Amino acid sequence: MIEVRVLGPVEVLVGGTPVPLGGRRQQAVLALLVAARGRVISVDRLVDQLWDGAPPPRPLASLQAYVSRLRRTLEPRRAPRAAPQVLVSESAGYALRLPVEAVDAWLFERRLHEAGPSLETLRETLELWRGGPFEQFADEAWARPSIERLTETRRAAQERVVAALLALRRNGEAVQAARQLTDEEPLRGPAWRLLALALWAGHRSAEALDALRQHRRRLAEELGLEPEPALAALEQAILDQRGDVLERESRGATAGGTVRPAQLPRSPAGFAARDAELDALTRHTGGLTVITGAGGVGKTTLAVRWAHQVAPRFPDGQLYADLRGYGPQDAPTAPGDVLLGFLAALGVPAHRVPPGESGRAVLFRSLVAGRRMLIVLDNARDDEQVRPLLPGTPGSAVVVTSRDRLGALTAAGARPVTLSGFDDEQSRAYLRDRLGPGADADPRARDVIVARCGGLPLALAMVCARAAGFPLAAVAAELTEEDGLDAFAGPGYDLRAVLSWSYKRLPEPAAALFRGLAAHPGPDLPENAVTSVAGPSARALLRVLCDAHLLTEREPARFSYHDLVRSYALELPDRDASVLDRLVAHFLHSATAAANRYVSYPRPDRVGPVPADVTPEVFATPEDALAWKHAEYRNIMALTGVCDPLLLGPWAYVLANYQQDIRYHLDDSFDLVGRALEVAEREGQGWWSGFLSYLLGRGHIRLGQRDQARHYLELTIAAGRATGDPLRLAHGLLGWALATIGATGTPDRADAEAAFPYAREALENYRRLPGGENDVARALVPIAWYHFFQPGGRAEADRLLHESLALHEGLDNADGVADTLIHLGRFRHASGDPAGASAAFRRCLDLHDDLPELEIDALIGLYRVYADTGDTAAAGSVRAEALALVETARYQDVERLRTALGITAG
């Protein structure tokens, strides 16, 4: 049994016994999670709040240590490898998963919501308090919103106790309880109202009038305000001795009389594709909800539709205000002006409205205390604009819409609902709802429209407005012909203007980054790449852009533009061209670091020094390096299309092993190397021309295209001899030898003998070069095949293959080991040693268990061994495994593989 207590000093009891919670920051982690009321808090937000925006050098390590120790405290009996059930990791953050009854603050608020007027329940609920909420953190900025909310809720509960005593005619107790409240908060109007009622009900009218006058003097002296209308009306009723008023007020009648505002705007006629969000909002009706999303994503439409659906649950009325946080006007609506409208709607005469925002906020909270109202605050600019408009007590529901994430409100307990664009099916549903059955009359045109709008409801609405009276095909053709955002501009609407309202609110550093990053041609950007552009402030600027919904964090630390938002950004002036150059530098040098980590033999630097302030990735293991390259490959290839042409050679050099030996992106390799070769030949770069010809040759070797491979390798050999470059010459010679024996099967005698002089010359060159052990190991393979076909040469072939294996193993070169094992398996099979062949192929599979493309040739070799030995069951099992990889893995020589597995084209 876990009990977490925050209504006083933060403490935890397990099985009824207090347990140590560690130091102040570790306790603060628990307190923050309690304040979030079960919602996930991101790691970034925890770090910011724990260290007040100035974290130490390795804050994540410290945070993880705090969480780990708290887990041991909260779940002392959890098995070592069992997943945590109380303090859980979710969505790049942490959350506290406990029943409401286990946390005193959560239980307090729920009981009050359900308590009704029961005096016994109210008093029992108030007994949960042991002091000030989050007592040891009273001075922390992150704790203040929760402290204020809980304290206000407690005050409202204490006032409900007085009202319950009055309803039971226990007037003496009511006077005593009310005096305690007025002593604690002498400016709080509801407490004075209750004191006056209790005195009046106890036949102490003079004291009741004196209490109200005392309250009036305090307000005038300290705030320059008049009492709220309800108190003035009560004072007059006491003077007139209106018994009916006393009876009604003593029974808990609403202070504001019978005024019931109904301010919701008309619900939109066209509404589609948000049923899941509506259901989620309805299931959690109550409290504060913040709906955020990009401009044009449908926040207002959702909020208003939901508000109309749940309005019957709020018998005291609905208030609505457009806060104009994002729009063509320069200034958002001031909270004081909104409060003026709300107070008028609640029946407060103009001459009774306080002149300042703070006074109006106090009066507003007093009037809605104890009422069940629905308040919609649309198009908010920021947290500060919203905070004065919130009720101070439970019972009412507030829904806020904003392009900003309103992080402070969310941290204080607001429930966030983030709207994204429609998927394709939701977009089609929207068109059907707006255009009727005609939306499906021309599916091809409809789908063109869906694709062009990119799931943005505002764009779809603009298209629907244009489509009235026109066939869909004409609208689709118009969208296709018009560039960028021109398709979404016309009389009365312009998507550029909508997006500009968010853009103009950005601070200039964030605006400059928004403009610059839009030139990135890839699908998304990792945070580390942006750091190479914006420096240490990258994370803060990205958060600003995400809060404005101009960027989307589609997964932790990865950011992307909506296509239409990118089009808008690309149209903006003053874009810094160096942003793209720095992104290219970040990815190029990160790719270089990755290649140097997963390629086990030494490689000369062909890229050059890292530019100042660019911070490329650092990789702890080869697995980390490969994982990064897998994740960033689409970004990398996109950048090779826009980089300085002189960088194409370095890109080809850095990517060669990955594209040709690991993931078989051979088409990409041929395209990149071909473009780089054109530049090298145009610029007279002899070394690069020879190297790039070699890459084309080795790529064709991978595909078993020996004639094409030898053509390019002859160019490499010629370049090596002409430039006196022994390494380039040796690479060309060895490549020619490997092309001749073939990479996809057992060679015949003629090919092995033709390859031998090339391989031998290559080996001689490699042995004269420092650090050439990897290339020596590769050159031994075609020489071994030559000896295989010579009389009495199989022992020498076996020795050479094992020497190749030993060299690769000494370099910890798993890929080299696997390549030699393929040849060893074929050698054993051809020598009549099926057990040795099977062992070699099996060992190769073990080395490549995480790279399916590299397993196929080993599986085919194993299949042939089993088939030739008559083990049909084993052959069938391996064949099925290989066929599955042929269909799913990335491998371009598919027909050769299918033929090897006994599948013909017919």
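Just so it is clear, the model here is predicted, and its values are computed rather than measured.
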Is it the case that the side chains of [Y] and [X] hold a donor-acceptor pair, with the cut-off being a distance below 3.5 Å and no angle test?
X	Y	answer
D624	T621	yes
S532	T615	yes
E632	N635	yes
T289	R415	yes
S68	R72	yes

*Looking at D104, L98, L13, which one forms a side chain to side chain contact (heavy atoms under 4.5 Å, CB included) with V4?*
L98
*Between S402 (side chain) and N379 (backbone), is there a donor-acceptor pair under 3.5 Å?*
no
_For R130, is there an ion pair with E135 - N to carboxylate O distance below 4.0 angstrom?_
no
*Using a strict cut-off of less than 4.0 Å between a Lys/Arg side-chain nitrogen and an Asp/Glu carboxylate oxygen, indicate whether D576 and R515 qualify as a salt bridge.*
no
*Do the numbers put R37 on top of the ring of W106, so that NZ or CZ is under 6.0 Å from the six-membered ring centre and no more than 45° off the axis?*
no
_For the CZ atom of R405 and the CG atom of D383, what is their distance to the nearest 0.5 Å?_
12.5 Å
*side chain to side chain donor-acceptor pair (under 3.5 Å): which pairs involve residues 9-29, sequence neighbours left out?*
R5-E11, R24-E140, Q26-R69, Q27-Q136
*Looking at the rings of F619 and Y598, which for Trp means the six-membered one, are their centres under 6.0 Å apart?*
no
*Using the benzene-type ring in the case of Trp, are the ring centres of F559 and H520 under 6.0 Å apart?*
no
*Taking atom CG of D183 as the centre, report whether more than 12 heavy atoms of other residues, nucleotides or ligands fall under 6.0 Å from it.*
yes
*Are S89 and R71 close enough, and set up right, to give a side chain to side chain donor-acceptor pair (under 3.5 Å), and what steps lead you there?*
CA-CA 11 Å; S89 303; R71 280 175 174 156; 2.8 Å; yes
*Name all residues meeting the ring pair (Phe, Tyr, Trp, His ring centres under 6.0 Å) criterion together with F134; count only those two or more places apart in sequence or in a different chain, and write none if there are none.*
none
